[in-house]
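Below: the structure, in structure tokens.
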Amino acid sequence: MTEEVDKARVTDSDDSLRSFNARLEKIEAFHEKTATLQAETAEQLKAISAENKAIASNMKLLLSEWAKTEAQVRKTEAQVNKTSAAVKKMSKMYGGVSNNQGAVTEEFFFNSLKLDPILAGVRFDTIYRNFLGNHANITDEFDILLVNGQEVCLIEVKYKTHENDLKKLLNNKGPNFRKLFPLYGDHRLRLALASFHINDTLRKAALAMGVIVLQAKGDMLITYEPD
């Protein structure tokens, strides 16, 4: 009986030992797997750290480039503002010059005709300057107007005359005057261009269309009449 009990105890001990060894092997396998995962994780963390350093370096470079670009933009804006101010100043200056030239031209022809109101062999009684009309949605201004009992002479004054000035006189100024001032409906309407500078081709074209041409030669007023 005692021998059988001892054999049973030995068998239980062997089973327990085998069970313990099996669990120990599992634990060792788990530790090995854990160690492998830790090693892999460490490598991944190392790689991530390297990537983060590269990203940080790139960000630093980008920020540096951005700062340079921003500084260049500010410099460019300052230059643009400076240039814009210079352009405005020049525009104002040359605009003033142009206005002064126009005023001087108009003053010369007005004073010359006021002193001797004879044009194309016709004496006029009254001379007007900057004669303004506004009626029925039509507004126009006529530089110089000569009037007598039978004729009206409408004079467009330009420092330098261009082809468009002649077209404007024929197609706009003349018709507008008739519409704006019907009281002169029975008067003969004459058209004239007065200028310090007009080329020969344009002068001949104006004369061919029945437009009188006035030019300044020094202090003298030269009149060209249509044939």
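Fair warning: this is a prediction, and the values are worked out from it, not measured in the lab. Hydrogens, waters and symmetry mates play no part in the numbers below; they use all other heavy atoms, side chains included. In this chain, residues are counted from 1 in sequence order.
- Inter-residue side-chain proximity for Arg129 and Asp143 is flagged as unmet; no heavy-atom pair is nearer than 4.5 Å.
- Linking Ile, Leu, Val, Met, Phe, Trp and Tyr residues whenever their side-chain heavy atoms come within less than 4.5 Å leaves Val147 and Leu119 in two separate clusters.
- Asp227 is linked by a side chain to side chain donor-acceptor pair (under 3.5 Å) to nothing, counting only residues two or more places apart in sequence or in another chain.
- Under the ring-ring contact (aromatic ring centres under 6.0 Å, His included) criterion, Phe181 pairs with Phe131, Phe177, not counting sequence neighbours.
- Listed here is the closest heavy atom pair of Ala216 and Phe108: CB-CE2, 3.4 Å.
- With hydrophobic clusters built from ILVMFWY side chains whose heavy atoms lie under 4.5 angstrom apart, Leu214 does not share a cluster with Leu189.
- Contact of the Asn148 side chain with the Val122 side chain is registered, since non-hydrogen atoms from C-beta on lie closer than 4.5 Å.
- Open room surrounds CG on Asp186; 12 or fewer heavy atoms of other groups in view lie less than 6.0 Å from it.
- The side chain to side chain contact (heavy atoms under 4.5 Å, CB included) check on His187 picks up Val152, Tyr184, with sequence neighbours excluded.
- No side-chain heavy atom of Phe124 sits under 4.5 Å from any side-chain heavy atom of Ile118.
- Counting only heavy atoms from C-beta outward, the side chains of Arg188 and Arg190 approach each other to under 4.5 Å.
- With sequence neighbours left out, the side chain to side chain contact (heavy atoms under 4.5 Å, CB included) criterion links Lys173 to Asp140, Phe142, Leu154, Glu156, Lys168, Leu169.
- Applying the side chain to side chain contact (heavy atoms under 4.5 Å, CB included) test to Leu115 and every residue at least two apart in sequence or in another chain returns nothing.
- Distance check, rounded to the nearest 0.5 Å: CD of Glu163 to CG of Leu166 gives 7.5 Å.
- Applying the side chain to side chain donor-acceptor pair (under 3.5 Å) criterion to Thr223, with sequence neighbours excluded, gives no partner residue.
- Annotation: salt bridge (charged side-chain N to carboxylate O under 4.0 Å, His left out) contacts of Glu225 (sequence neighbours excluded): none.
- Scanning for salt bridge (charged side-chain N to carboxylate O under 4.0 Å, His left out) contacts around Arg178 gives an empty result, with sequence neighbours left out.
- Between Phe109 and Phe196, the ring planes lie tilted relative to each other; the angle falls in the 30° to 60° range.
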Ile144 vs Ile127, side-chain contact (heavy atoms from CB on, under 4.5 Å): CA-CA, chis, key distance, verdict:
CA-CA 7 Å; Ile144 297 176; Ile127 182 170; 4.0 Å; yes
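- In this structure, Leu202 is a member of the same hydrophobic cluster as Ile222, with clusters built from ILVMFWY side-chain heavy atoms closer than 4.5 Å.
- Considering CG of Asp165 and CG of Leu193, their distance stands at 7.0 Å, rounded to 0.5 Å.
- Looking at Ile155 and Leu113, their side chains come closer than 4.5 Å, going by heavy atoms from C-beta outward.
- Between Ile212 and Leu191 there is no side-chain heavy-atom pair separated by less than 4.5 Å.
- Listed for the Ser195 side chain is a donor-acceptor partner under 3.5 Å among the backbone atoms of Lys158.
- By the criterion of side-chain heavy atoms lying less than 4.5 angstrom apart, applied directly or through intervening Ile, Leu, Val, Met, Phe, Trp or Tyr residues, Met209 is grouped together with Ile198 in one hydrophobic cluster.
- The stretch residues 108-123 participates, sequence neighbours left out, in these side-chain hydrogen bond (donor to acceptor under 3.5 Å, both in side chains) pairs: Glu107-Asn111.
- Expressed to the nearest 0.5 Å, how far CG of Leu170 lies from CG of Asn172 amounts to 9.5 Å.
- Nearest heavy atoms, Glu141 versus Leu132: CB-CD1, 4.0 Å.
- In terms of the ring-ring contact (aromatic ring centres under 6.0 Å, His included) criterion, residue partners of His197 (sequence neighbours excluded) are, by chain and number, Tyr159.
- Val213 places a side-chain heavy atom less than 4.5 Å from the side chain of Leu207.
- Here the side chain of Asn171 pairs a donor or acceptor atom with the backbone of Lys167 at under 3.5 angstrom.
- Screening residues 199-212 for salt bridge (charged side-chain N to carboxylate O under 4.0 Å, His left out), with sequence neighbours left out, gives Asp200-Arg203.
- Annotation: side chain to side chain contact (heavy atoms under 4.5 Å, CB included) contacts of Lys179 (sequence neighbours excluded): Ile138.
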